[in-house]
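What you see is a predicted model; the values in this text were computed from it and never measured.
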Amino acid sequence: MAIAENLRGPAVGRPSATDARRYWLQARRNQLTPYLFIAPNMALFSVFVFFPLLYAFYISLREWSLIDTPRYVGLENYARLAHDGLFWQSLSNTAVYSIATVPMSLAIGLVLALALNRDLFGRTILRSVFFLPVVISNVATAVIAAWLFNDNYGVINTLLQQVGIGPVAWLSSPRWALFSLIVTSLWVRVGFCMVVYLAALQSISPTYYDAAQMDGASRWQQFRFVTWPLLRPATFLLLILGVIHSFQVFDLIYVMTGGGPGFSTTMIVQYIYQAAFVGSEMGYASAMGMVLFVMILIFTLLQWRVNRRVEDVA
């Protein structure tokens with residue numbers, strides 16, 4: 001018997017209830033640890049984004065002037081949007097502004113990034129100069145731009161008069177006011193696009209270009225078949241951020257033109273501001289805000305899906 005027990009070795013007992021509970025707690029702790037790390041961020045997101053979004057939808061179903069008690073009106077505020085000419089004009093102004101600023105800012109930013117990615121004298125200073133408008137307050141930028149484009153004593157009109165061109169009503173003419181805003185927005189956005197493209201260009205391995213040169217590819221072919229495909233993620237990011245920024249622009253236009261002359265430069269966010277804090281129509285303004293949120297969400301999802309399809313094909 002003793003010899004048999006020695007051959008079998010010591011008996012392996014079942015874990016005790018205390019050990020099983022300790023293992024269970026350890027497993028649960030490992031599962032909860034990632035959520036504890038993201039809990040502060042999720043709390044801030046809920047307080048400043050998720051709950052305000054739900055409350056905005058709640059207010060959009062009511063008529064409220066910030067003073068009286070909110071009164072439930074259902075979808076009347078949304079039905080009113082379909083017949084509001086000023087809403088559609090502000091949406092049209094926003095679309096024109098977005099179409100004009102987003103592609104041009106991406107194109108100019110890419111050209112600057114390609115130029116400043118080479119060994120040039122003073123390229124660090126040039127990068128700082130082009131990126132400076134990004135870190136300056138939009139209000140300060142708008143004040144500077146309003147001084148440059150001023151109809152009476154602006155720097156641009158002064159220079160034009162010296163070459164024999166009459167003064168242009170940059171900010172007081174519906175024809176030129178939106179153009180002035182587009183130029184100012186490009187001044188602000190180009191630096192950001194340049195920095196993002198610079199980071200993307202510097203992350204491309206030189207081996208790709210060495211292989212392309214060995215195959216006899218020209219500089220244009222290297223850009224077309226090597227650089228541009230590898231810049232697609234950065235382009236997608238800048239496109240989404242640019243559209244969101246253009247649909248949310250407010251301070252730049254509020255300081256430079258105030259939405260005028262007339263209604264020619266009023267964007268959707270400024271019209272929401274006027275409805276809420278000038279007309280005291282919080283329910284109607286919230287309805288416009290929800291429509292704007294859905295539009296940006298749909299555009300982002302469509303662009304994300306198109307980008308995924310392009311990456312899958314590639």
Side-chain angles (χ1 to χ4, degrees), residues 95-136 138 141 144-145 148 156 159 179-249 252 296-314:
V96 172
Y97 175 83
S98 178
I99 293 173
T101 56
V102 175
M104 291 183 64
S105 62
L106 265 65
I108 300 175
L110 178 58
V111 172
L112 291 176
L114 291 171
L116 297 179
N117 194 40
R118 303 177 180 181
D119 293 331
L120 296 176
F121 176 76
R123 66 174 182 176
T124 303
I125 298 177
L126 291 175
R127 291 175 181 177
S128 302
V129 169
F130 285 116
F131 188 72
L132 186 61
V134 180
V135 298
I136 297 178
N138 282 341
T141 303
I144 296 173
L148 293 173
I156 296 178
L159 295 176
F179 174 80
S180 304
L181 292 173
I182 292 172
V183 172
T184 305
S185 298
L186 290 175
W187 178 32
V188 175
R189 295 292 299 173
V190 160
F192 178 75
C193 297
M194 178 199 68
V195 169
V196 174
Y197 273 131
L198 269 174
L201 287 171
Q202 293 175 2
S203 66
I204 299 176
S205 175
T207 56
Y208 293 113
Y209 298 104
D210 295 338
Q213 289 178 358
M214 292 180 63
D215 291 337
S218 62
R219 287 187 176 273
W220 166 248
Q221 290 174 333
Q222 291 178 29
F223 172 80
R224 180 181 178 184
F225 297 107
V226 178
T227 306
W228 180 245
L230 295 177
L231 290 180
R232 282 175 181 168
T235 303
F236 173 71
L237 172 66
L238 291 173
L239 179 63
I240 296 299
L241 293 179
V243 171
I244 293 175
H245 176 269
S246 62
F247 271 77
Q248 293 180 343
V249 63
L252 197 69
I296 295 177
L297 179 63
I298 292 175
F299 174 81
T300 304
L301 293 177
L302 288 176
Q303 289 294 327
W304 177 78
R305 187 165 185 177
V306 170
N307 187 67
R308 287 291 301 271
R309 287 184 177 180
V310 172
E311 290 180 353
D312 293 339
V313 172

K.L.:
Tell me every residue that passes side-chain hydrogen bond (donor to acceptor under 3.5 Å, both in side chains) with Ser205, counting only those two or more places apart in sequence or in another chain.
P.N.:
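Ser205: side-chain hydrogen bond (donor to acceptor under 3.5 Å, both in side chains) contacts with Thr207.
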K.L.:
A side-chain contact here means heavy atoms from C-beta on lying under 4.5 Å apart; do Leu198 and Phe131 qualify?
P.N.:
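With C-beta onward as the side chain, the pair stays apart.
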K.L.:
Would you check if Phe299 and Ile244 make a side-chain contact, meaning some heavy-atom pair closer than 4.5 Å?
P.N.:
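Contact flag for Phe299/Ile244 side chains = no.
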K.L.:
Restricting to pairs with a member in residues 219-244, which pass ring pair (Phe, Tyr, Trp, His ring centres under 6.0 Å), not counting sequence neighbours?
P.N.:
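Only Trp220-Phe223 qualify under ring pair (Phe, Tyr, Trp, His ring centres under 6.0 Å).
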K.L.:
What is the distance from atom CG of Leu116 to atom CD1 of Ile125, rounded to the nearest 0.5 Å?
P.N.:
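Output value for this atom pair is 12.0 Å.
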K.L.:
Which heavy atom in Ile136 sits nearest to a heavy atom in Thr141, and how many Å separate them?
P.N.:
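That would be CG2-OG1, 3.7 Å.
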K.L.:
Would you say that more than 12 heavy atoms from the other residues, nucleotides or ligands in this model lie under 6.0 Å from the CG of Leu301, or not?
P.N.:
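Yes, CG of Leu301 has more than 12 neighbouring heavy atoms, counting only those of other groups under 6.0 Å.
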K.L.:
For Thr101, what residues pass the side-chain hydrogen bond (donor to acceptor under 3.5 Å, both in side chains) criterion, not counting sequence neighbours?
P.N.:
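Expected list: none.
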K.L.:
Between Leu112 and Val190, what is the shortest heavy-atom contact and its length?
P.N.:
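Scanning both residues completely, I find the closest heavy atoms to be CD1-CG1, 3.4 Å.
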K.L.:
Report yes if some heavy atom in the side chain of Cys193 is under 4.5 Å from a heavy atom in the side chain of Ile108; otherwise report no.
P.N.:
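No. Closest side-chain heavy atoms not under 4.5 Å.
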K.L.:
According to side chain to side chain contact (heavy atoms under 4.5 Å, CB included), who are the partners of Ile156, at least two apart in sequence or on a separate chain?
P.N.:
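Counting only residues at least two positions away or on another chain, Ile156 forms a side chain to side chain contact (heavy atoms under 4.5 Å, CB included) with Leu148, Phe149, Leu160, Trp170.
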K.L.:
With a 4.5 Å heavy-atom cut-off, do Val135 and Leu132 have their side chains touching?
P.N.:
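Yes; the side chains approach each other to less than 4.5 Å.
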K.L.:
Just jot down the side chain to side chain contact (heavy atoms under 4.5 Å, CB included) partners of Leu201, sequence neighbours excluded, or say none.
P.N.:
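Partners of Leu201 by the side chain to side chain contact (heavy atoms under 4.5 Å, CB included) criterion, ordered by chain and then number, come out as Ala113, Leu114, Asn117, Ile204, Thr227, Leu231.
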K.L.:
Determine which pairs satisfy side-chain hydrogen bond (donor to acceptor under 3.5 Å, both in side chains) with at least one residue from residues 235-249, sequence neighbours left out, and list them in order.
P.N.:
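Non-adjacent pairs meeting side-chain hydrogen bond (donor to acceptor under 3.5 Å, both in side chains): Ser98-Ser246, Tyr197-Thr235.
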K.L.:
Is there a side-chain contact between Arg189 and Met104, using heavy atoms and a 4.5 Å cut-off?
P.N.:
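Of all side-chain heavy-atom pairs linking Met104 with Arg189, none is under 4.5 Å.
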K.L.:
Got a sec, which residues hit ring pair (Phe, Tyr, Trp, His ring centres under 6.0 Å) with Phe179, two or more places apart in sequence or on another chain?
P.N.:
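For Phe179, the residues satisfying ring pair (Phe, Tyr, Trp, His ring centres under 6.0 Å) (neighbours in sequence not counted) are Trp176.
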K.L.:
Taking all non-hydrogen atoms of both residues, which atom of Leu106 and which atom of Leu239 are closest, and how far apart?
P.N.:
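Closest heavy-atom pair between Leu106 and Leu239: CD2-N, 4.3 Å.
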K.L.:
Just jot down the side chain to side chain contact (heavy atoms under 4.5 Å, CB included) partners of Thr124, sequence neighbours excluded, or say none.
P.N.:
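Thr124 satisfies side chain to side chain contact (heavy atoms under 4.5 Å, CB included) with no residue once adjacent residues are dropped.
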K.L.:
Please report the shortest heavy-atom distance between Arg127 and Met194, naming the atom on each side.
P.N.:
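What the structure gives for the nearest pair is O-CE, 3.7 Å.
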K.L.:
With sequence neighbours excluded, what pairs up with Val226 under the side chain to side chain contact (heavy atoms under 4.5 Å, CB included) test?
P.N.:
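Counting only residues at least two positions away or on another chain, Val226 forms a side chain to side chain contact (heavy atoms under 4.5 Å, CB included) with Tyr208, Tyr209, Ala212, Leu230.
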K.L.:
What is the minimum heavy-atom distance between Val196 and Ala234, and which atoms define it?
P.N.:
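Closest heavy-atom pair between Val196 and Ala234: CG1-CB, 4.1 Å.
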K.L.:
Distance check, rounded to the nearest 0.5 Å: Asn138 atom CG versus Leu252 atom CG?
P.N.:
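One finds 6.0 Å between CG of Asn138 and CG of Leu252.
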